[in-house]
Visitor: 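Mind having a look at this structure? Questions to follow.
FYI, side chains are in, hydrogens and waters are out, and symmetry mates aren't considered; it's all heavy atoms of this structure.
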Amino acid sequence: MSLRLLGALVGLTLLSGCSAFLKCIPSTAVLEAFNRPPQKALPAFTPCTDEVEGVLQETLADVYETPGALTPLAASAPGALADATLCVRDALRTTVADTACFNTLFGALPFPPVPTFTPAPAPADWATERDVHRVQHNLQRAVRAVASACTVRQGTGFPLNSPQERQALATAWDGGLLALKAYQAARPRAVRNGRPVTALVFAGGAANGAFSAGAVWWLLKSREACGAACANDTVDMVAGASTGTVIASLAKRYFSPLSTPADRAAMLELLAKGYTCSGNRDLYCTQDMSLYDVLEAKQAGKRGLVRFDGLKSLIATNAGSLSVIQRAPEQFASAVDFESARVHHVCSTVQTSLPDWHAALEASLVEPLLAQPVAKVGGRTGTWIDGGVRSGLPLNAVLRRGADRAVMFVNTAVEGVPRPAQDNAAAVGFRALDLFTLSPITGELVAAEHERVLRTAGEKERCLARLGFDATGNGTGPINPAVNVERLCSGLPLLATVPVPFALPVTLPGTPQLDRLPSTYHGAWLFMPQELPPHFQQVARLPDEAPAAVTWADIGAVGYQFDPREMWRLFALGAVTAQQRCEEVAKTLGWAGLTADCTDGTKVIQALQSLRAKWVTDQCAQRPLEPQPCP
């Protein structure tokens with residue numbers, strides 16, 4: 001749906017109190033606003049230097065097993081990479097395989113030799129070798145991406161295969177490699193040390209984020225309850241879009257090695273209070289705008305119907321100090337720059353992001369038209385808007401940077417929540433927005449997980465190539481039979497006898513299952529359950545409400561309506577869902593000490609009943625829903 005059409009619909013809705021005036025507005029006004037062409041402009045192509053820097057951080061910024069994994073990308077690399085880029089570009093133009101391009105590139109870079117086998121390499125040598133596979137495969141992806149973006153799609157601005165073109169590419173690769181080196185050095189976790197790299201990822205959804213908040217609240221509360229046995233149960237990365245960014249920032253503060261027990265208790269309390277006892281007035285104010293302002297006026301200060309002043313203050317107060325922001329876990333806040341149309345997963349450990357970190361968190365929250373855009377993020381000026389517009393569940397941000405275990409929190413049912421028939425065109429339009437946000441999330445989740453799996457399969461191909469075996473399993477490598485090499489490259493123990501045939505079964509929908517690549521990836525999806533858990537009914541209703549059973553008609557929030565009653569039910573549903581899925585989450589994250597209390601349905605109900613009593617004491621039902629005008 002065009003944002004211009006959405007603007008017209010919302011603008012008309014704002015005047016709902018003036019029904020007589022509304023009847024005087026012809027429907028053609030909406031159609032005219034929708035059909036009016038935007039101002040023409042030439043595409044603002046990204047310079048090659050910026051393109052290379054972005055591609056490298058999207059491909060090679062992994063979590064490696066050995067500290068020197070990226071050492072081969074040293075002073076000699078930019079020239080060799082420029083040559084490889086031109087070679088791949090020519091291969092793309094002539095539809096010739098680019099295998100020779102990469103054989104030359106890997107021969108020119110100082111990668112360590114293949115370790116010796118007696119009959120298997122030493123663990124330290126094999127860790128180094130596995131990093132070589134990872135770097136070479138991802139370097140192939142990076143070179144192909146740069147060749148496509150900088151030499152095929154838009155060009156470098158110099159004659160083909162000229163010395164000037166090669167120098168421009170070498171300069172671009174040099175700048176990108178320097179930025180990658182600085183980023184890797186600043187990352188709070190640079191080496192795997194034999195344990196999985198874990199992540200929590202949160203979808204958007206405004207007030208519906210109370211579901212994810214309740215789920216992570218119960219997981220963290222259970223972690224606190226198990227004490228010293230869970231001291232090492234942590235995560236390496238957190239990511240989110242829109243309201244998921246707020247939840248991710250609180251989880252980051254909770255897991256920070258600089259946080260005290262009091263800090264962790266404060267984050268748990270804030271998760272609960274912020275998502276069950278906040279009204280509209282606590283979070284945002286409304287801008288004084290007319291229908292003309294919405295559809296026609298050119299006012300930089302009024303490009304949204306609301307300003308999140310309250311939420312902005314909440315972020316600034318609780319995101320933590322600069323030292324907390326830079327330390328683990330690494331956080332990614334997704335935002336879209338409307339001027340360039342690109343999505344950016346702004347990172348807490350990139351130095352250029354730190355001065356604008358609070359702005360990056362805010363930018364990830366503001367929905368187009370509804371909220372005022374942010375003007376500057378990560379040192380870049382522009383029109384920064386909610387990352388959910390292009391990345392509703394930024395799982396790729398963590399998988400591309402080395403996560404191999406992830407738990408995803410999504411504030412809706414996987415099939416979408418049924419709604420009654422819509423009465424008018426505006427209602428149909430808003431329902432369409434609900435559906436538009438669900439499909440990209442599900443598609444992004446599946447695509448990210450399968451890209452992670454395919455990347456590991458590509459690393460396995462580099463392993464086989466390094467050990468001298470071709471696609472048929474024949475070769476002159478240091479181990480025989482050839483199938484043992486296949487098992488070694490798959491992360492499986494070596495066999496003394498000829499094993500079973502090789503296969504890669506993949507199950508949809510859900511987390512990919514690759515039996516022969518056991519260390520590839522594991523994930524858990526926490527969508528709202530379509531069948532409401534029976535014991536959820538014990539806490540779903542508030543004391544002053546009729547004791548009828550809660551149904552799907554009672555669950556969910558719309559737009560920017562932050563009603564504590566609606567959010568309470570979402571929060572409680574999230575907590576009960578996490579209790580039911582706790583064993584799966586603990587297994588995914590490797591949290592060995594968590595399951596004792598976390599899976600206990602009685603304990604989650606007791607905790608929610610205690611929280612509900614506090615909800616009543618704090619008079620959350622009286623939080624004002626009517627927002628106040630912005631000063």
Visitor: Should we say atom CZ of Arg565 is surrounded by more than 12 heavy atoms from elsewhere, each under 6.0 Å from it?
Guide: yes

Visitor: Are side-chain N/O atoms of Ser242 and Asp386 paired as donor and acceptor at under 3.5 Å?
Guide: yes

Visitor: Under a 4.5 Å cut-off applied to non-hydrogen side-chain atoms, are Thr412 and Asn208 in contact?
Guide: no

Visitor: Return the set of residues passing disulfide (SG to SG under 2.5 Å) with Cys582 (not counting sequence neighbours), or none when no residue passes.
Guide: Cys598

Visitor: I want to check something: taking the side chain as every heavy atom from C-beta on, are Arg400 and Phe332 in contact at a cut-off of under 4.5 Å?
Guide: no

Visitor: Is there side-chain contact between Tyr254 and Leu271, with at least one heavy-atom pair below 4.5 Å?
Guide: no

Visitor: Can you find a heavy atom in the side chain of Leu573 that is under 4.5 Å from one in the side chain of Pro533?
Guide: yes

Visitor: Run the side-chain contact (heavy atoms from CB on, under 4.5 Å) test against Lys312 and tell me which residues pass, sequence neighbours left out.
Guide: Glu362

Visitor: State, with a plain yes or no, whether a side-chain heavy atom of Pro543 is found less than 4.5 Å away from one of Arg612.
Guide: yes

Visitor: Scan for ring pair (Phe, Tyr, Trp, His ring centres under 6.0 Å) pairs involving residues 341-398, sequence neighbours excluded, and state none if there are none.
Guide: His344-Trp384

Visitor: Counting only heavy atoms from other residues, nucleotides and ligands, does the tally under 6.0 Å from CG of Asp544 exceed 12?
Guide: yes

Visitor: So which pairs with a foot in residues 616-625 pass side-chain hydrogen bond (donor to acceptor under 3.5 Å, both in side chains), sequence neighbours left out?
Guide: Asp282-Arg623, Lys614-Asp618

Visitor: Give every residue pair that meets the salt bridge (Lys or Arg N to Asp or Glu O under 4.0 Å) criterion with at least one member in residues 202-220, sequence neighbours excluded.
Guide: none

Visitor: With sequence neighbours left out, what residues match Thr599 under side chain to side chain donor-acceptor pair (under 3.5 Å)?
Guide: none

Visitor: Could you check Glu330, Arg327, Arg187 and say which one makes a side chain to side chain donor-acceptor pair (under 3.5 Å) with Thr349?
Guide: Glu330

Visitor: Do Gln372 and Gln287 meet the criterion of a side-chain donor-acceptor pair at a distance under 3.5 Å?
Guide: yes

Visitor: Look at Asp356 together with Arg380 and state whether they make a salt bridge at an N to O cut-off of under 4.0 Å.
Guide: no

Visitor: Could you tell me whether a side-chain N or O of Lys252 sits under 3.5 Å from a main-chain N or O of Pro329, the two making a donor and an acceptor?
Guide: yes

Visitor: Counting C-beta onward and ignoring hydrogens, is there a side-chain heavy-atom pair between Leu370 and Tyr284 closer than 4.5 Å?
Guide: no

Visitor: Consider only side-chain N and O atoms of Glu626 and Asn280, and report whether a donor and an acceptor are under 3.5 Å apart.
Guide: no

Visitor: Can a donor-acceptor pair be found between the side chains of Tyr275 and Ser212 at a distance below 3.5 Å?
Guide: no

